Amino acid sequence: MHEVNQHSRLSRATLDKRRDDVADMFDNVASHYDLLNDILSLGQDRGWRRATVRAIAPQPGERILDLAAGTGTSSQALADQGPTVVAADLSYGMLAQGRKQYPAIDFVNADALCLPFADETFDAVTISYGLRNVEDTVAALREMLRVTKPGGRVVVNEFSTPTNKVFRTIYDDYLLRALPPLAKLSPNPVAYGYLAESILAWPDQAALADLLVEAGWQRVEWQNLTGGIVALHRGWRP
Ligand SMILES: C[S@@+](CC[C@H](N)C(=O)[O-])C[C@H]1O[C@@H](n2cnc3c(N)ncnc32)[C@H](O)[C@@H]1O
């Protein structure tokens, strides 16, 4: 596993991100996943998705991979702009929910660490709130590079580190104190405990940009959303 804790706000040594456990966890939250996103983010997630689509700037005729697509909410926002979107995810439960919600999208079972696609298949590859859950961040970013055409782009939408220190303290407090009681109301409290921990242990904006460069992406840049609660990283395949 890639060592990320030196850049994170949580000093816990490791988060268990074994593939089967992660898939089981998402199988269990699939039916209420989208609703809880709206509630826990206080509706902010919708604006973050719109910003992600703008960063990808999908064009009709393009082929785009939405990796860790879950129930397809991120994929449908892209498909609305005209490209062909492939929604890939590890969890059969999330895929089943996605197929019900968005029957026109092509859903594929896939592991980010071993994608079932040929080299240079996609014009763009994107991942929303998924990279944090993959065991090996750089290996996943390399797989994403492999399936992207030369000159193609990647956009990573992920929770990040608020840039203002006071705001960061309040937000970390929300994650550690307010989210667990809220999560207890959900059918799967463990998943939402994991959510807070995995956000706090995740590399900050600059550290994630370094990982993208390490994986081979170039011209890496990022944009903060809602003061850095979320960051969009974009890079290009040479
Ligand atoms: C928080 S959900 C994000 C879903 C969707 N992209 C969205 O924006 O709502 C994270 C997703 O990552 C998927 N995932 C976790 N590890 C994965 C892996 N190694 N390969 C593919 N998908 C993975 C989970 O099954 C889950 O559906």
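This chain uses plain numbering: 1 for the first residue, then up along the sequence. It should be emphasised that the depicted structure is a prediction, and the values quoted were computed from it without experimental measurement. First listed ligand is number 1; within each ligand, the first listed atom is number 1. Note: hydrogens, waters and symmetry copies are ignored here, and every other heavy atom, side chains too, is used.
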If you take the nearest heavy atom of each of [options], which one is closest to [atom]?
atom: atom 19 (N) of ligand 1; options: Asp111, Asp27, Leu67; value: Asp111
atom: atom 14 (N) of ligand 1; options: Ser91, Gly98, Ala68; value: Ala68
atom: atom 13 (C) of ligand 1; options: Asp89, Ile127, Leu90; value: Asp89

Should you measure from each heavy atom of [X], which atoms of ligand 1 turn up under 4.0 Å away?
X: Val22; result: 15 (C), 16 (N)
X: Ala69; result: 4 (C), 5 (C), 6 (N)
X: Ala110; result: 20 (N), 21 (C)
X: Ser74; result: 5 (C), 6 (N), 7 (C), 8 (O)
X: Ala112; result: 18 (C), 19 (N), 20 (N), 21 (C)
X: Gly70; result: 4 (C), 27 (O)

Given Leu65, Leu232, Leu78, the one that forms side chain to side chain contact (heavy atoms under 4.5 Å, CB included) with Thr126: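 One option only clears the test, and that one is Leu78.
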Check whether any N or O atom of Arg19, backbone or side chain, sits under 3.5 Å from an N or O atom of ligand 1, and answer yes or no.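 No, no N or O pair falls under 3.5 Å.
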Hey, can you tell me if Phe159 and Trp48 have their rings parallel, tilted or perpendicular (30° and 60° cut-offs)?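 Answer is perpendicular, since the angle exceeds 60°.
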Is it the side chain, the backbone, both or neither of Tyr129 that has a heavy atom closer than 4.0 Å to ligand 1?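 Tyr129 to ligand 1: contacts from backbone and side chain alike.
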Between the side chain of [X] and the main-chain N/O of [Y], is any donor-acceptor distance below 3.5 Å?
X: Arg146; Y: Phe117; value: yes
X: Thr226; Y: Ile229; value: no
X: Gln59; Y: Ala57; value: yes

Identify the protein heavy atom lying closest to atom 3 (C) of ligand 1, giving its residue, its atom name and the separation to 0.1 Å. Tyr33 OH, 3.1 Å
Protein heavy atom at shortest distance from atom 24 (C) of ligand 1: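 Looking at atom 24 (C) of ligand 1, the protein heavy atom closest to it is Phe26 CD1, 3.4 Å.
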Whether Arg49 lies under 4.0 Å from ligand 1, heavy atom: yes
Can a side-chain donor-acceptor contact be found between Asn157 and Thr52 if the only test is distance below 3.5 angstrom? yes
Would you say the side chains of Tyr92 and Asp27 form a donor-acceptor pair under 3.5 Å?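 Their side chains do not contain a donor-acceptor pair, so the 3.5 Å distance test is not met.
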Would you call Glu221 and Arg234 a salt bridge, taking side-chain N to carboxylate O under 4.0 Å as the test?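 Salt bridge flag = yes for Arg234 with Glu221.
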Carboxylate-amine/guanidinium proximity below 4.0 Å for Arg63 and Asp123: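 Looking at Arg63 and Asp123, the cut-off is not met.
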